[in-house]
Structure formats: C-alpha cells, structure tokens
Amino acid sequence: MTSKQPKTQIESVFRPPIVVVLGHVDHGKSTLLDFLRKSNVVGGEAGGITQHVGAYVVPVEGGKSITFLDTPGHEAFGAMRSRGARVADIAILVVAADDGVKAQTVEALNAIRETNIPFVVAINKMDKSGANPDRVKQELAEQNVFVEGYGGDVPVALISAKTGANIPDLLEIILLVADLADLKAGPDTLDLRSAQ
C-alpha cells in the first residue's frame, strides 16, 4: 500500500492572451502582424495571401506580451480559421475601411459567435483615399455587431497596418479586454507523488 503525499497549491498568474486575427482575404490581417513583428511574411506567400496558420509572440509596453494567431483569409481555408478561433482567448476582426464587410468577414463573425470569445474590430486601411469607417460600422450593425460609439460596446480601433497608425491603441484595447477576461495560467495543484 502506498501513501499519498499532499498536493501543494500553486497560485495561477495572469498569462498573455492568445489573439486570433480574422477577416476577409486581403483586408490586411497579415500586414498587421507583419507590422507588429517587423517582418514580411506576406511577401513570401503565393499571391500575397496567407496559406498557413502561424503564431507570433509580440512584446508590448510594461513587460507584457500578446500571442497572435494568423489565419488564412482565402475562402478555401474556412476550417483553419474556425480552429484558430476555438483556441484563442480574443479575436480581432479586421475589416478594410475601403472595402467593408465581405463574405469571409461574415464567416469570421460566425466563428467568433460559435466560440463566444470577446472580440475587437480593427477597421484597417485608414490610410487609403476611399476609407469610410462609418460605412463599415453601418455594415457591421447590419450583422448585429454594434461597435463603441455606434450604439454598442464592441471595442473598435481605426488603424493602418501599412503605416502603423493607431496600432498602439489596438494593443491597449486587447490588453484591456484580456484584463477583463482575467486570463490565468499555471496548474491549480501540483501532484508531488513519486512514480511507483
């Protein structure tokens, strides 16, 4: 008969959020990640379209970090996007300010709703001459997504992944959403029993 040693309690601590980046093809998801990690993945992808799932840890101010998941935007990769949403804590829905809500935008919204994770809307390409964030907000409202300042409480950031405009604001919003989600890591208990 073996005796059991008591389990030692280990305190869980705040962990970096896992953030999936979703949206329609060519709305700037990978360009946003490129800006964040100062690389150029888009240039190496066929046709400039991400064809794989990637994970990237991005350090932010205050010694914190955010883990980003990049998912393919092309319609053929819907299952990959859905899996990305299932493993994430928070989603960023990227919508191009000059193009609006499209087919994969709606698909991404459905994946977010299925997983019931909090999300942030990033209206991208604000540097383009045809940028119309009010139109995007209206089209999102037609999908029952009401952003802050437009009758709802979904956080929104007006950004340019190309120039980096308002990217710090987007990161701050993500960290705020993560704080509200009270993300913790670490085992609740550690079994100190030796293998018999």
Side-chain angles (χ1 to χ4, degrees), residues 8-23 27-39 53-71 73 80-97 101 105 108-126 133 136-137 140-141 143-161 163-190:
T8 303
Q9 295 294 322
I10 305 249
E11 185 176 338
S12 293
V13 295
F14 176 80
R15 67 171 174 78
I18 299 171
V19 179
V20 64
V21 183
L22 300 170
H27 276 200
K29 299 178 304 302
S30 294
T31 305
L32 171 60
L33 285 165
D34 284 345
F35 182 87
L36 290 169
R37 66 183 186 267
K38 307 292 188 216
S39 68
V53 174
Y56 312 95
V57 176
V58 175
V60 292
E61 288 185 27
K64 294 184 178 181
S65 62
I66 300 171
T67 300
F68 287 95
L69 298 180
D70 186 14
T71 60
M80 275 192 201
R81 286 189 294 277
S82 180
R83 281 193 295 276
R86 284 196 301 271
V87 301
D89 302 305
I90 300 166
I92 298 175
L93 179 66
V94 178
V95 187
V101 173
T105 313
L109 276 170
N110 290 335
I112 291 166
R113 288 174 175 139
E114 285 172 16
T115 57
N116 200 31
I117 59 174
F119 70 103
V120 175
V121 173
I123 300 178
N124 190 25
K125 302 192 180 185
M126 289 299 296
V136 172
K137 292 175 185 178
L140 287 168
Q143 298 295 324
N144 293 313
V145 175
F146 301 97
V147 298
E148 292 175 343
Y150 208 83
D153 59 3
V154 176
V156 62
L158 306 181
I159 68 166
S160 169
T163 69
N166 295 327
I167 300 296
D169 294 341
L170 176 62
L171 295 175
E172 188 175 316
I173 291 169
I174 292 166
L175 290 176
L176 178 60
V177 172
D179 284 343
L180 292 172
D182 195 29
L183 302 174
K184 298 288 176 104
D188 290 330
T189 58
L190 174 63

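Residue numbers run from 1 in the order of the sequence given.
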Practice problem: Test side chain to side chain contact (heavy atoms under 4.5 Å, CB included) on Leu22 and Phe119 and set out the steps. | Solution: CA-CA 10 Å; Leu22 300 170; Phe119 70 103; over 6 Å; no

Say you draw a straight line from [atom1] of [X] to [atom2] of [Y]; how long is it, rounded to the nearest 0.5 Å?
X	Y	atom1	atom2	value
Leu175	Leu180	CG	CG	11.0 Å
Ile112	Ile92	CD1	CD1	10.0 Å
Phe146	Leu140	CZ	CG	10.0 Å
His27	Leu93	NE2	CG	10.0 Å
Leu32	Ile167	CG	CD1	5.0 Å
Leu171	Ile66	CG	CD1	5.0 Å

Quiz item: Which of these passes side-chain contact (heavy atoms from CB on, under 4.5 Å) with Ile123: Asn166, Ile159, Val156?
Solution: Val156

Nearest heavy-atom pair of [X] and [Y]: which atoms, and what distance?
X	Y	result
Ala108	Gly23	CB-N, 4.0 Å
Val60	Ser65	CG2-N, 4.0 Å
Asp89	Pro118	O-CD, 3.3 Å
Gly28	Ala161	O-CB, 4.2 Å
Ala88	Val19	CB-C, 4.4 Å

Quiz prompt | Residue pairs, two or more places apart or on separate chains, that pass side chain to side chain donor-acceptor pair (under 3.5 Å) and touch residues 145-155 | solution = Gln138-Tyr150

Self-check item: Exam field: side chain Asn124 to backbone Val94, donor-acceptor pair closer than 3.5 Å
Solution: no

Quiz item: Can you find a heavy atom in the side chain of Pro16 that is under 4.5 Å from one in the side chain of Val57?
Solution: no

Exercise. Would you mind reporting whether Arg113 and Asn144 have side-chain heavy atoms less than 4.5 Å apart?
Key: yes

Practice problem: Take Lys125 and Val136 through the test side chain to side chain contact (heavy atoms under 4.5 Å, CB included) and record every step on the way to the result. | Solution: CA-CA 12 Å; Lys125 302 192 180 185; Val136 172; over 6 Å; no

